Structure formats: structure tokens, C-alpha cells
Amino acid sequence: MSSSAHEPKPRGYRHASVLLDGAVEALVHDPDGVYLDGTFGRGGHSRAILERLSPAGRLIAIDRDPQAIAEAATLEDPRFTIERAEFARLGEIARAHDLHGRLSGVLLDIGVSSPQLDDPERGFSFLRDGPLDMRMDPTQGESAAAFIARAPEGELARVFKEYGEERYARRLARAIVARRVEQPFERTGDLAEVVKTAHPAWEKHKHPATRVFQALRIQVNGELEQLDAALEAALEALAPGGHLVVISFHSLEDRRVKRFIRHHVRGDTHLPRGIPVPDAELERRLEALGKAQRPGAEEVEENPRARSAVMRVARKRY
């Protein structure tokens, strides 16, 4: 989720699930079904899903954040299971539970949770100084500090441009490389200040480091690759008639989700038009359920981080 200069102040790391009612309503079409929440976070969606399930229903949740796993441990419900993993692995998790091709619904709420942003020790926010980490799982992979320390200027510029859609990517990369020669970047506040000083054109109501921090977070966590893999895995793990619900928070994610659903709604577009071909041969495996949905004014007022959220819903045909 992209941060902004208007981030709310932390209130005990409270997390408000975005599009909560709409997402759960779109997901749970059979109260006796088995569902998968690919991004448990702090459990807002999972708890709401369980409220809609019958005693026969089941919910499997996934998260790679140790703090999310600890939160899930407090959810005492025999219908609920939590797995510590990247959500891209949802297919193998479904297989491990003998649910491959049998899931009634899959929910993916992409992005950073409010507690992750609000905790300075996680290093996601430029507004609260802390270690420059940004990993969803702090025990795995390369931190943002390590990436900045070793990446060539050209790679930094590419990441800022592709993942942050930063217009001044090369200029900011040059400033970061010049400064790291003197002193390595270890704190979020330090990096934010260097980017702020080097940025020539500040956007209204947006901190000049917003796009750089978004780009680094996506790079460190492999978020776009994770999303692509999760979408493909979800399609295979769903039962015919199962629902796929995806909430994204910036255009890079939403474009991928939109393209994925559109591709499987249209099916094989290489065949000549007008030829009578069964849907199974066209491989039209998804049906879009309604248009993209966005949070209402009331939800945005209560939770400003919801303002950029987009939810897309599809149903598996076969």
C-alpha cells in the first residue's frame, strides 16, 4: 500500500481491513465451503469470513509475517488454520490440505498492513524513523538497506521507475549512490531526507520519498512476482464456481489483476471470430463479477489508507 504524508498516527497499531464487508460478501457464496485468505495480516478479513461460515465451513489463512502468525494464534476457532508462507505458495498449501481444485473462494488483500506501516522497527514508513528493513518476513531475504548498499545506480533507477513510477528515478538513484560512498543507509529517516533533498518536484499532498519507498518495498519482497504466481495458483486451486477476490492498492498491482482476469474471461483470442467453439476449448476459465469496486467516502474518512484500494472479483467457470 502506498504511503503518503497524510498517514494517520498509530493507535496501538490498529488495523482496519479495507473493503471488509464488500470483500467478504463477494467471497463467501457458500457458508459450508472451504476458503483461503492468502494475506491474513491482522485477521480482519479472516474473522469476518468465519462469521459468515456455518459449522461445516473452513478457512485456511496464509501470511509470511511472524507478527501476523502470532496474531492468528489468538484466533481460537476449530474451523480456522494458519500457514506461515508466501501467498504465492497457496497452491501447494491447498494440495497439502487435499483441497487443490476444491476451494470455494480465495481472497488476496495485497500490500502492507497498518501495523506494519505504523511500527518504526519494520522500516516501511518514511514518516517514522527506524531500521531500513521493509521485509514482510524479517528473517528471510535481503533488507532494503542491503539492497541499497549493493545495487548499481542503473538498477536503483530501474527499480524506482518500474516499481515506483518515479519520474526522477535516475536523479534520485544518483543522489543515493553519491551519499552511500560517504555513509551507508541504515535508517528510514536518513534515506527519506536524502530523497527529499534531491527531488526537484514535490507532488501536492505527497511526501517526495513516497514512490521510492514503494519501489523498494516491492523490490525487497518480490511483490509483483508474488502476485502473478498467486493469481495463477488461485485459479487452479479454486473449485468450479469458486470466487476470486483481489484487493490492490496501487496501479502496478491492479493492472496485473485486471489483465489476468480479462485474459481468462476472453479465453483464446487467437482463433478467428465467428467460429463456433465451446467455451472449454476457448479456455474462458473466469467470469468477471461486476466492475472494479472502490471504498466509499465513509470508509476513506475513517481509514485514509483505503483511498487507493481497488477490488476485483471473478468466478471460476471450470
Side-chain angles (χ1 to χ4, degrees), residues 1-3 7-8 10-28 35-53 59-77 79-90 93 105-125 133-140 214 217-218 220-223 226-227 230-231 234 244-250 253-254 257 295 299-300 302-312:
M1 183 190 310
S2 302
S3 309
E7 286 185 352
R11 290 173 287 181
Y13 302 156
R14 186 179 70 87
H15 178 57
S17 294
V18 175
L19 290 163
L20 179 62
D21 293 334
V24 176
E25 183 176 348
L27 181 75
V28 182
Y35 296 85
L36 188 145
D37 181 353
T39 45
F40 180 80
R42 293 304 179 267
H45 285 119
S46 282
R47 288 182 173 86
I49 292 167
L50 288 168
E51 289 177 359
R52 286 178 174 258
L53 295 185
L59 174 64
I60 298 171
I62 302 172
D63 210 294
R64 55 175 157 170
D65 186 335
Q67 294 179 359
I69 299 301
E71 178 67 27
T74 68
L75 208 168
E76 298 180 358
D77 191 315
R79 302 169 300 168
F80 175 75
T81 304
I82 184 72
E83 297 280 358
R84 181 173 176 180
E86 300 169 339
F87 66 79
R89 294 175 54 199
L90 70 86
I93 289 172
V106 173
L107 170 65
L108 300 175
D109 180 6
I110 313 301
V112 185
S113 68
S114 295
Q116 288 172 326
L117 278 171
D118 291 338
D119 185 354
E121 294 304 307
R122 300 304 300 273
F124 286 106
S125 176
D133 194 313
M134 298 193 190
R135 290 173 293 176
M136 300 287 187
D137 182 351
T139 68
Q140 300 288 329
Q214 172 184 299
R217 193 201 79 222
I218 291 173
V220 165
N221 294 291
E223 292 181 30
Q226 286 274 320
L227 176 58
L231 291 171
L244 173 64
V245 179
V246 187
I247 301 171
S248 56
F249 289 87
H250 56 72
E253 295 168 341
D254 184 53
V257 176
E299 181 175 358
V300 172
E302 182 179 343
N303 178 19
R305 289 173 180 157
R307 66 191 174 281
S308 58
V310 180
M311 182 175 75
R312 296 185 185 273

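Excluded from the calculations below are hydrogen atoms, water molecules and symmetry mates; all remaining heavy atoms, backbone and side chain alike, are included. Everything numeric in this text was worked out from a predicted model, so none of it was measured.
When side chains are defined from C-beta on, R307 does not count as touching F249, because their heavy atoms never get closer than 4.5 Å. Residues L244 and R312 form no side-chain contact, since every pair of their non-hydrogen atoms from C-beta on lies 4.5 Å or further apart. Counting heavy atoms from C-beta on, the side chains of S125 and P120 never come closer than 4.5 Å. The side-chain heavy atoms of I49 and L107, taken from C-beta on, include a pair separated by under 4.5 Å.
Of all heavy-atom pairs between Y35 and V28, the closest is OH-CA, 3.6 Å. Considering all non-hydrogen atoms of both residues, V220 and D133 come closest at CG1-O, 4.2 Å. The nearest pair of heavy atoms linking M311 to A23 is SD-CA, 3.5 Å. Between Q116 and R122, the shortest heavy-atom contact is O-CB, 3.6 Å. Heavy atoms only, all atoms of each residue included: H45 and V24 are closest at O-CG2, 4.1 Å. The nearest pair of heavy atoms linking A48 to L20 is CB-CD1, 3.8 Å.
Annotation: the span from T39 atom OG1 to L108 atom CG amounts to 6.0 Å, rounded to 0.5 Å. To the nearest 0.5 angstrom, I247 atom CD1 is 11.5 Å from D254 atom CG.
In terms of modelled atom types and a separation under 3.5 Å, the side chain of S248 and the main chain of I110 share no donor-acceptor contact. No donor-acceptor pair closer than 3.5 Å links the side chain of R135 to the backbone N or O of D65. Of the possible donor and acceptor atoms, one in the side chain of D63 sits under 3.5 Å from a partner among the backbone N and O of G41.
Each of L231, I62, I60 was checked for a side chain to side chain contact (heavy atoms under 4.5 Å, CB included) with L90, and the lone residue meeting it is I62.
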Next item on the list: Test side chain to side chain contact (heavy atoms under 4.5 Å, CB included) on L227 and E253 and set out the steps.
Entry: CA-CA 8 Å; L227 176 58; E253 295 168 341; 4.1 Å; yes
Item checked: side chain to side chain contact (heavy atoms under 4.5 Å, CB included) between Q140 and E86, worked out -> CA-CA 11 Å; Q140 300 288 329; E86 300 169 339; over 6 Å; no
Checklist line | Verdict with reasoning, V112 to M136, per side chain to side chain contact (heavy atoms under 4.5 Å, CB included) | finding: CA-CA 8 Å; V112 185; M136 300 287 187; 4.0 Å; yes
Margin query: Set out, in order, the CA-CA distance, both residues' side-chain angles and the distance that settles ring pair (Phe, Tyr, Trp, His ring centres under 6.0 Å) for F80 and F40, then state yes or no.
Written below: CA-CA 11 Å; F80 175 75; F40 180 80; 5.8 Å; yes
Notebook entry, point to check: side chain to side chain contact (heavy atoms under 4.5 Å, CB included) between I82 and I69: does it pass, once the steps are laid out?
Noted result: CA-CA 7 Å; I82 184 72; I69 299 301; 3.7 Å; yes
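Side chains of S46 and D37: a donor-acceptor N/O pair is present below 3.5 angstrom, by distance only. Side-chain contact annotation: Q226 with N221, donor-acceptor N/O pair under 3.5 Å absent.
The pair D137-R84 meets the salt-bridge criterion, since a charged nitrogen lies less than 4.0 angstrom from a carboxylate oxygen. Ion pairing between a basic and an acidic side chain is recognised when a charged N comes within 4.0 Å of a carboxylate O; R47 and E71 show such pairing.
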